[in-house]
Chemist: 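Here you go, one structure.
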Amino acid sequence: MKEKSQEIDRFLVDLLTRVGEDLRKDVTKHKQVDTKSGPNDLVTNFDKSTEKMIVTTIKKQYPNATIVSEEGFGDDVKSMDGLVFFVDPIDGTMNFVKCHESFASMIGVYLDGKPFVAAIIDVMQKKIFHGGPEIGVFQNGKKLSQPDDIELKDGLVVISGPMVLKNYLNTQEVVHKSSGLRVLGCAGVVFKHVMTGKEVLYMSYLRPWDLAAGRVLCETLGLKVVGVDGEPVNMLKSQVVIVGTQKVVSEVLQTVKNSN
Ligand code: IPD
Ligand code: CA
Ligand code: CA
């Protein structure tokens with residue numbers, strides 16, 4: 001199993017290195033921008049071409065795997081049996097279009113429903129976070145250590161803007177109890193910050209491809225990833241997810257309970 005993890009880890013790092021090289025060229029080019037569920041949910045021709053390239057490369061190397069991917073080039077996956085790849089070709093498309101930085105590409109791999117291997121590239125910073133439970137987590141090949149189990153009052157939190165504005169699930173109280181709120185617009189960049197101890201909480205409504213890679217890497221580093229009921233998340237569903245240090249997630253779950 002360890003050898004299989006190492007093999008897929010190398011595959012993901014090579015693949016996201018290529019994706020990063022391409023997207024750094026694409027970022028300033030003219031883009032065809034369309035909307036999906038609403039005016040702030042964007043998709044570009046580069047989201048689609050990147051996903052096509054990633055899906056084709058995975059299918060060639062792992063023909064028996066199934067693929068859950070954002071822009072529709074993967075499979076209609078109903079079961080977590082075997083190897084399942086989750087692909088978010090450009091995470092933070094709004095940042096890709098408007099700011100030309102703070103966007104990522106993410107692939108999370110699960111084996112029979114369990115987190116197995118993942119990689120996230122912060123494209124403009126050329127930083128790849130990769131690994132899994134059998135091998136540990138690395139930043140461009142350098143092993144990361146577990147972040148400290150910081151309390152809410154001592155850490156910065158990232159919660160989705162709309163959730164805080166509506167005080168959904170008592171999130172304003174979470175912000176008041178913390179060192180402060182940050183909103184970054186890219187799940188992959190937030191996972192990077194939580195893994196390296198810059199922030200202690202990420203709370204947002206996430207789709208399977210937004211969460212899959214971050215969950216593998218965060219759990220491997222001893223961080224907690226749960227739904228608002230405190231239970232493990234179903235990877236084939238979209239839901240509000242709480243990611244953070246053990247202490248922070250316990251405090252936040254208590255605050256969420258008080259909102260009921
Ligand atoms: C979005 C980003 C954003 C999060 C949204 C996601 P996309 O991903 O990760 O941070 O708040 O929920 O949909 O659509 O740019 O891949
Ligand atoms: Ca995306
Ligand atoms: Ca995303």
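Both ligands and their constituent atoms are indexed starting at 1 by order of listing. No experiment lies behind these values; they were computed from the predicted model shown.
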Chemist: Judging by distance only, is a nitrogen or oxygen of Gly92 under 3.5 angstrom from one on ligand 1?
Modeler: yes
Chemist: Judging by distance only, is a nitrogen or oxygen of Arg207 under 3.5 angstrom from one on ligand 1?
Modeler: no
Chemist: Given Trp209, which partner from the list Val87, Ile67, Val68 fulfils the side chain to side chain contact (heavy atoms under 4.5 Å, CB included) test?
Modeler: Val68
Chemist: Looking at ligand 1, does Cys186 have a heavy atom less than 4.0 Å from it?
Modeler: yes
Chemist: Is it true that some N/O/S atom of Ile90, main chain or side chain, lies under 3.0 Å from the Ca ion (ligand 2)?
Modeler: yes
Chemist: Which protein heavy atom lies closest to atom 11 (O) of ligand 1, and at what distance to 0.1 Å?
Modeler: Ser204 OG, 4.1 Å
Chemist: Taking only non-hydrogen atoms of Ile90, do any sit less than 4.0 angstrom from ligand 1?
Modeler: yes
Chemist: Got a sec: is Glu70 within less than 3.0 Å of the Ca ion (ligand 2) via an N/O/S atom?
Modeler: yes
Chemist: Note the single closest protein heavy atom to atom 4 (C) of ligand 1, along with its residue, its atom name and the distance in Å.
Modeler: Tyr202 OH, 4.4 Å
Chemist: Answer yes or no for Lys31 and Phe96: cation-pi contact, defined as NZ/CZ to six-membered ring centre under 6.0 Å and angle to ring axis within 45°.
Modeler: yes
Chemist: Can you sort out which atoms of ligand 1 are near Asp210, meaning under 4.0 Å from one of its heavy atoms?
Modeler: 6 (C), 8 (O), 13 (O)
Chemist: Give me the residue, atom name and distance of the protein heavy atom closest to atom 14 (O) of ligand 1.
Modeler: Glu70 OE2, 3.5 Å
Chemist: Please identify which atoms of ligand 1 are closer than 4.0 Å to at least one heavy atom of Gly185.
Modeler: 2 (C), 3 (C), 10 (O)
Chemist: Using non-hydrogen atoms of the residue, decide whether Tyr205 is closer than 4.0 angstrom to ligand 1.
Modeler: yes
Chemist: Are Asp122 and Lys127 ion-paired here, with the side-chain N under 4.0 Å from a carboxylate O?
Modeler: no
Chemist: Any salt bridge linking Glu219 with Lys114? Criterion: basic side-chain nitrogen under 4.0 Å from a carboxylate oxygen.
Modeler: no
Chemist: As a test of reading the structure, name the N/O/S atom of Asp88 that is nearest the Ca ion (ligand 2).
Modeler: OD1
Chemist: One thing to verify: whether Lys177 and Glu173 come together as a salt bridge, which I'm taking to mean a side-chain N less than 4.0 angstrom from a carboxylate O.
Modeler: yes
Chemist: Looking at every non-hydrogen atom in both residues, tell me the closest pair between Leu42 and Met94 and how far apart they are.
Modeler: CD1-SD, 3.5 Å
Chemist: Please report whether the ring centroid of Tyr62 lies less than 6.0 Å from that of Phe85.
Modeler: yes
Chemist: Any atoms of ligand 1 less than 4.0 Å from a non-hydrogen atom of Asp88? List them with their elements.
Modeler: 16 (O)
Chemist: Establish, yes or no, whether a centroid distance under 6.0 Å links the rings of Tyr110 and Phe86.
Modeler: yes
Chemist: Around Lys25, counting heavy atoms of other residues, nucleotides and ligands shown, do more than 12 lie under 6.0 Å from its NZ?
Modeler: no
Chemist: Just checking Asn167: does its CG atom have more than 12 heavy atoms from other residues, nucleotides or ligands closer to it than 6.0 angstrom?
Modeler: yes
Chemist: Is it true that Glu21 and Lys126 make a salt bridge, defined as a side-chain N closer than 4.0 Å to a carboxylate O?
Modeler: no
Chemist: Which N, O or S atom name in Asp210 marks its closest approach to the Ca ion (ligand 3)?
Modeler: OD1
Chemist: With only distance considered, is Leu206 within less than 3.5 Å of ligand 1 through an N or O on each side?
Modeler: no
Chemist: For the pair Gln246 (side chain) and Gly222 (backbone), establish whether a donor and an acceptor sit closer than 3.5 Å, ignoring hydrogens and angles.
Modeler: yes
Chemist: Is Asp41 close to ligand 1, meaning an N/O of one under 3.5 Å from an N/O of the other?
Modeler: no
Chemist: For ligand 1, which atoms, with element, lie under 4.0 Å from some heavy atom of Thr93?
Modeler: 15 (O)
Chemist: Please name the atom of Asp91, restricted to N, O or S, that is closest to the Ca ion (ligand 3).
Modeler: OD1
Chemist: Kindly state if atom 6 (C) of ligand 1 has a protein heavy atom within a strict 4.0 Å cut-off, that is, under 4.0 Å?
Modeler: yes
Chemist: Could you identify the single nearest non-hydrogen protein atom to atom 8 (O) of ligand 1 and state the distance to 0.1 Å?
Modeler: Asp91 OD1, 3.1 Å
Chemist: Are Lys2 and Asp9 within salt-bridge range, i.e. N to O under 4.0 Å?
Modeler: no
